[in-house]
2 protein chains.
Amino acid sequence: MSNQDNRPLTLRDVSEASGVSEMTVSRVLRNRGDVSDATRARVLASAKELGYVPNKIAGALASSRVNLVAVIIPSLSNLVFPEVMTGISDALDDTGLQPVVGVTGYSREKEEKVLYEMLSWRPSGVIIAGLEHSEASRAMLKASGIPVVEIMDVDGTPVDSVVGISHRRAGEQMAREILRSGYQRIGFLGTKMPRDHRARKRFEGFTEALAKAGVEIADQEFYEGGSALIKGREMTQDILKRDPELDFLYYSNDMIGAGGLLWLHEQGVDIPGQMGLAGFNGLNLLKGLPRQLATMDACRNEIGRRAAEIISARVADDADPSPVRIALEPTISYGDTLRRP
Amino acid sequence: MSNQDNRPLTLRDVSEASGVSEMTVSRVLRNRGDVSDATRARVLASAKELGYVPNKIAGALASSRVNLVAVIIPSLSNLVFPEVMTGISDALDDTGLQPVVGVTGYSREKEEKVLYEMLSWRPSGVIIAGLEHSEASRAMLKASGIPVVEIMDVDGTPVDSVVGISHRRAGEQMAREILRSGYQRIGFLGTKMPRDHRARKRFEGFTEALAKAGVEIADQEFYEGGSALIKGREMTQDILKRDPELDFLYYSNDMIGAGGLLWLHEQGVDIPGQMGLAGFNGLNLLKGLPRQLATMDACRNEIGRRAAEIISARVADDADPSPVRIALEPTISYGDTLRRP
DNA sequence: TTGAAAGCGCTAACAC
DNA sequence: GTGTTAGCGCTTTCAA
């Protein structure tokens with residue numbers, strides 16, 4: 001079944017076993033060109049019997065075609081990215097392209113390294129989260145000559161194509177809804193944002209929209225690390241101790257929002273009457289909580305799908321190098337924690 | 001900065017720009033062999049200026065060394081696997097090895113395809129979830145001649161090395177704890193298990209340990225798809241409607257357990273007095289719920305780390321082909337939903 | 001310390 | 001339909 005020594009099998013082995021030239025074997029294995037049914041059958045039988053697995057490294061070098069799409073994201077533990085990955089995988093299925101994931105840990109230096117590493121495999125395209133990269137990273141992306149899609153965020157200048165939502169507008173929109181619903185004394189709870197540019201942009205959009213209406217954030221609270229659910233509880237407790245007059249809490253993500261919601265619920269606070277709440281993301285993980293948190297859908301799956309489609313379209317027809325810009329519209333869901341105006 | 005036409009840069013370009021042979025450029029870029037400081041500086045400057053990114057495909061073909069480790073898992077949305085990935089990434093950092101993820105969607109056929117695809121890149125090792133694979137997959141793994149580590153589960157016959165816990169024993173242990181705490185009428189709630197072998201093994205271990213004590217599962221309920229939190233609520237409601245006499249519910253994972261817990265909590269059920277609950281996994285996502293669900297830690301991070309260490313040890317010293325078997329001991333945490341005996 | 005030649009395993013391009 | 005030849009861009013090996 002297997003070969004005696006540990007030398008991996010080559011086309012040549014299959015060629016000898018089946019009595020056909022290497023070239024014909026190659027054609028059979030790739031379903032290319034005309035091969036008689038008899039030959040095809042013979043080759044496939046030999047390949048299977050030997051347990052031959054083609055060497056894509058050699059194939060890629062010879063054909064300068066690599067069916068990989070580099071996907072570069074900050075983290076896998078942040079629920080959001082697995083969902084994007086799902087969209088990408090689904091869209092890439094049956095295109096012959098394969099996603100390869102690299103994780104940056106929200107660090108620009110790590111991103112640069114991961115990108116360099118991935119580009120050195122000469123992928124057919126790159127999907128990368130965010131618009132903020134080091135100069136070197138941007139230079140590499142531009143010089144690579146392959147399609148690049150930046151995802152999640154559209155507030156900024158992309159290298160090539162971009163698919164995402166405007167986090168700034170998402171923040172603005174939520175601020176307007178909150179005001180429209182009659183809340184007045186608004187607190188903000190979120191992550192420390194030195195690196196999470198999207199959270200920062202939402203925050204900026206939020207405060208600016210409030211400012212336009214003459215409202216200022218009454219208080220704010222930031223966290224880092226730890227279980228988001230617990231942090232949400234703790235921060236909510238803290239901010240309300242400091243400022244019991246708050247009538248709305250805007251959380252920068254649904255997990256801390258859920259923590260706050262659970263705590264307030266236990267305290268018997270009237271939601272959304274006495275206190276309104278909203279988060280961000282629409283994690284359907286959270287369906288099943290005692291009440292549904294108001295939130296905004298970040299279109300994660302669709303972002304992944306559209307980005308992958310852009311890449312595969314470019315690969316199929318590289319005569320179309322015009323950058324695409326897709327700004328999706330997140331939809332607000334009121335849940336049970338935001339008074340309908 | 002970049003080249004005029006779209007031809008990717010090669011060693012030759014750097015060689016010409018720096019006036020040194022390709023071979024010397026190659027040595028500089030890989031930090032191999034003796035190169036004078038002057039030459040090194042000149043080469044690095046040229047490479048940087050041109051924006052040269054080495055072609056690993058050619059490098060791998062020439063050296064037959066590939067610094068990739070294939071990681072094959074069923075899913076990314078199941079919280080569990082990102083945690084394993086984190087363990088793997090951490091252990092692989094600074095070894096020069098890079099994990100590459102493939103996702104099977106719990107399907108053997110897909111697993112076979114993904115494995116074939118990954119092996120065709122001639123990785124330095126394979127980490128693959130579970131012990132149940134198609135015959136063809138097992139054959140490929142054996143024939144590959146590279147280190148293979150099967151993870152998560154140790155109940156079965158590995159191809160090579162294995163790192164995990166015994167899910168059968170985990171089920172048994174939980175059954176014993178429940179009986180020891182004095183619960184008598186026990187219900188089981190879980191996923192439909194045609195493909196989740198680990199959930200199945202826990203279930204089997206659980207029922208067998210009960211049987212040994214002369215106890216039978218009083219009722220059971222299975223689900224598939226949808227938000228686990230909601231499913232947990234619904235299933236709990238359903239099973240108790242059918243059988244209100246139950247005094248313990250064992251859930252096959254913490255998410256449905258949390259759903260059940262929330263619902264029972266809302267109904268004012270006395271937990272763990274009137275009703276005991278336990279899940280499986282120790283997702284620290286869930287810290288912050290009104291009460292802490294009893295559960296068992298599946299050692300996910302450590303599994304990833306240990307598996308990666310096995311691979312990197314083999315790569316560093318391939319004179320050590322003896323398979324390793326690591327069975328970790330999951331620890332039970334009582335939380336607030338299992339009476340201490 | 002540096003360079004030249006050969007070849008990794010495959011496929012493009014062309015010949016038959 | 002099938003085979004032959006010439007590389008793909010690197011690294012190994014050996015010579016200088």
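In what follows, chains are A, B, ... by sequence order, proteins preceding strands, each numbered from 1.
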Next on the checklist: I need the CG-C1' distance between A/Leu61 and C/dG7, as an integer number of Å.
Outcome noted: 12 Å
Next on the checklist: Distance check needed: D/dG9 C1' versus B/Leu11 CG, whole Å only.
Outcome noted: 7 Å
Next on the checklist: Measuring to OP1 and OP2 of C/dA12, would you say a side-chain N or O of A/Arg30 lies under 4.0 angstrom away?
Outcome noted: yes
Checklist entry - How would you label the contact of A/Ser63 with the nucleic acid (heavy atoms, under 4.0 Å): base, sugar-phosphate, or nothing? => result sugar-phosphate
Checklist entry - Could you give the CD-to-P distance, from B/Glu22 to D/dC10, as a whole number of Å? => result 8 Å
Checklist entry - Can you tell me if the side-chain N/O atoms of B/Thr24 get under 4.0 Å from OP1 or OP2 in C/dG3? => result yes
Item to check | Presence of B/Thr39 side-chain N/O under 4.0 Å of C/dT1 phosphate oxygens OP1/OP2 | outcome: no
Next on the checklist: Rounded to whole Å, please give me the gap between CZ in B/Arg12 and P in C/dG3.
Outcome noted: 14 Å
Next on the checklist: A side-chain contact here means heavy atoms from C-beta on lying under 4.5 Å apart; do A/Val126 and A/Leu141 qualify?
Outcome noted: yes
Next on the checklist: Any base atoms under 4.0 Å from B/Thr10, or only sugar-phosphate, or nothing? Heavy atoms, all strands.
Outcome noted: sugar-phosphate
Next on the checklist: For C/dT11 and A/Ser26 - does any side-chain N or O of the residue sit under 4.0 Å from the phosphate oxygens OP1/OP2?
Outcome noted: yes
Checklist entry - Looking across every strand, which nucleic acid part, if any, lies under 4.0 Å from B/Arg32 by heavy atom: base, sugar-phosphate, or nothing? => result nothing
Item to check | Note, B/His133 side chain near B/Ile128 side chain (heavy atom, < 4.5 Å) | outcome: yes
Checklist entry - Per the atom types in the model, does the base of D/dG9 pair as donor or acceptor with the side chain of A/Arg122 at under 3.5 Å? => result no
Next on the checklist: By the 4.0 Å heavy-atom rule, please label A/Arg65 as base, sugar-phosphate, or nothing.
Outcome noted: sugar-phosphate
Checklist entry - Over how many whole Å does the gap from B/Arg7 atom CZ to D/dC8 atom P extend? => result 11 Å
Next on the checklist: With a 4.0 Å limit, can you tell me whether B/Arg27 has a side-chain N or O closer than that to the phosphate oxygens OP1/OP2 of C/dT1?
Outcome noted: no
Item to check | First encountered from the 5' end of DNA chain D, between A/Arg40 and B/Tyr52 | outcome: A/Arg40
Checklist entry - Which part of the nucleic acid does B/Asp34 contact within heavy-atom distance under 4.0 Å: base, sugar-phosphate only, or nothing? => result base
